[in-house]
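Only one structure is covered here, and it is reproduced in the block below.
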Amino acid sequence: MHVEREIKFHLPPDAAQRLSRHVRPAGPWRRRALSSVYYDTREGRLRRAGVALRLRRDGARRIQTLKAEGGAGGAFPARAEWEMPAPRGRLDVAAFPREEILAATGLDITALAPQLRPVFETHFGRRAATVSVDGATRAEVAVDRGYIAAGARREPIEELEVELKAGDTASMLRYAAGLAALLSLALAFESKAERGYRLMAGEAEPEPQKWRRPALPELASPA
């Protein structure tokens, strides 16, 4: 199990054009086209459990991923993540660690397999690069632009993600806060899966959520 730690911002076109001036990557920018199909039961068992299950096409690769809310809450959630190549290019939940996921989420994903069906899709281009934050901390900066589709409904994807790859969480957050200040970015609180479920349900705005109070240092800025 991997724990995903990332922070997400809305990225308007003018900010996207200025981004390269403020990011000094440790290597070249990489471009990929990503398409994902998300699955759930007709009753939405996965959504109610805070779980997202997807099959992603990344070039010639097919990758299946299951993510579960980690409970950190707020703008910087920690999500448990299980990811692996999809056998034969199709979703195969039997390949996931059944007992580990059951302990973490309360869902028996293998038992639910016959009830799973596609519920929405995402299609977007990703431009990403790795940055060195303080010599010991590495993060990936990614620009995602495309759309979410649920039936006939569509919603654009225009996001900037900063994901911790190695090192100190606080250092990565300071780096992300600096980018946000330079580009005047607003935090994005919904994952692509949460947006897809909302779109599928025909909800224009996300429902209010109660967040756990974060531990803030005395001299923390409003951002």
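Computed from heavy atoms alone, side chains included, the values below leave out hydrogens, waters and symmetry copies. As the structure is a prediction and not an experimental result, all values here were calculated from the model.
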Name every donor-acceptor pair, under 3.5 Å, that has one atom in a side chain of residues 116-125 and the other anywhere in the protein, sequence neighbours excluded.
from: Glu121; atom 1: OE1; to: His123; atom 2: NE2; distance (Å): 2.8
from: His123; atom 1: ND1; to: Ser35; atom 2: OG; distance (Å): 3.0

Ignoring hydrogens and angles, write down the donor-acceptor pairs under 3.5 Å from the side chains of residues 141-153, residues two or more places apart or on other chains.
from: Asp144; atom 1: OD1; to: Arg126; atom 2: NE; distance (Å): 2.8
from: Asp144; atom 1: OD2; to: Arg126; atom 2: NH2; distance (Å): 2.8
from: Asp144; atom 1: OD2; to: Lys192; atom 2: NZ; distance (Å): 2.9
from: Arg153; atom 1: NH1; to: Leu199; atom 2: O; distance (Å): 3.4
from: Arg153; atom 1: NH1; to: Met200; atom 2: O; distance (Å): 3.0

Using residues 81-95 as the side-chain source, report each donor-acceptor pair under 3.5 Å to any protein atom, sequence neighbours left out, with the distance given to one decimal.
from: Trp82; atom 1: NE1; to: Glu100; atom 2: OE2; distance (Å): 2.9
from: Glu83; atom 1: OE1; to: Thr65; atom 2: OG1; distance (Å): 2.8
from: Asp92; atom 1: OD1; to: Ala94; atom 2: N; distance (Å): 3.2

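Of the inter-residue distances, the one linking Ser191 atom OG with Lys67 atom NZ reads 7.5 Å to the nearest 0.5 angstrom. Distance check, rounded to the nearest 0.5 Å: CZ of Arg45 to OG1 of Thr105 gives 10.0 Å. Between the CG atom in Leu107 and the CG atom in Leu53 there is a gap of 10.5 Å [rounded to 0.5 Å]. Distance check: Leu34 CG to Asp58 CG gives 5.0 Å after rounding to the nearest 0.5 Å. To the nearest 0.5 Å, atoms CD1 (Ile63) and CG (Leu55) are separated by 9.5 Å. Atom OG of Ser36 sits about 10.5 Å away from atom CZ of Arg62, to the nearest 0.5 Å.
Looking at Met172 and Lys165, their side chains never come closer than 4.5 Å, going by heavy atoms from C-beta outward. Side chains of Glu155 and Arg195 form a contact here, defined as non-hydrogen atoms less than 4.5 Å apart. When side chains are defined from C-beta on, Ser20 counts as touching Arg127, because their heavy atoms get closer than 4.5 Å. Inter-residue side-chain proximity for Leu160 and Leu19 is flagged as met; some heavy-atom pair is nearer than 4.5 Å. The shortest distance between side-chain heavy atoms of Arg138 and Glu163 does not fall below 4.5 Å.
Annotation: side chain to side chain contact (heavy atoms under 4.5 Å, CB included) contacts of Ala181 (sequence neighbours excluded): none. Residues passing the side chain to side chain contact (heavy atoms under 4.5 Å, CB included) test with Thr110, sequence neighbours excluded: Arg98, Asp108. Applying the side chain to side chain contact (heavy atoms under 4.5 Å, CB included) criterion to Ser171, with sequence neighbours excluded, gives Val133, Asp134, Thr137, Asp168, Arg174.
Contact detail for Leu179 and Leu185: the closest heavy-atom pair is O-CD1, 4.4 Å. When all heavy atoms are compared, the tightest approach of Val23 to Pro25 is O-CD, 3.2 Å. His10 approaches Pro12 most closely through the heavy-atom pair O-CD, 3.5 Å. The shortest non-hydrogen separation linking Val162 to Ala139 is CG1-CB, 4.1 Å.
Checked for salt-bridge contact, Arg198 and Glu190 meet the test: a charged N lies under 4.0 Å from a carboxylate O.
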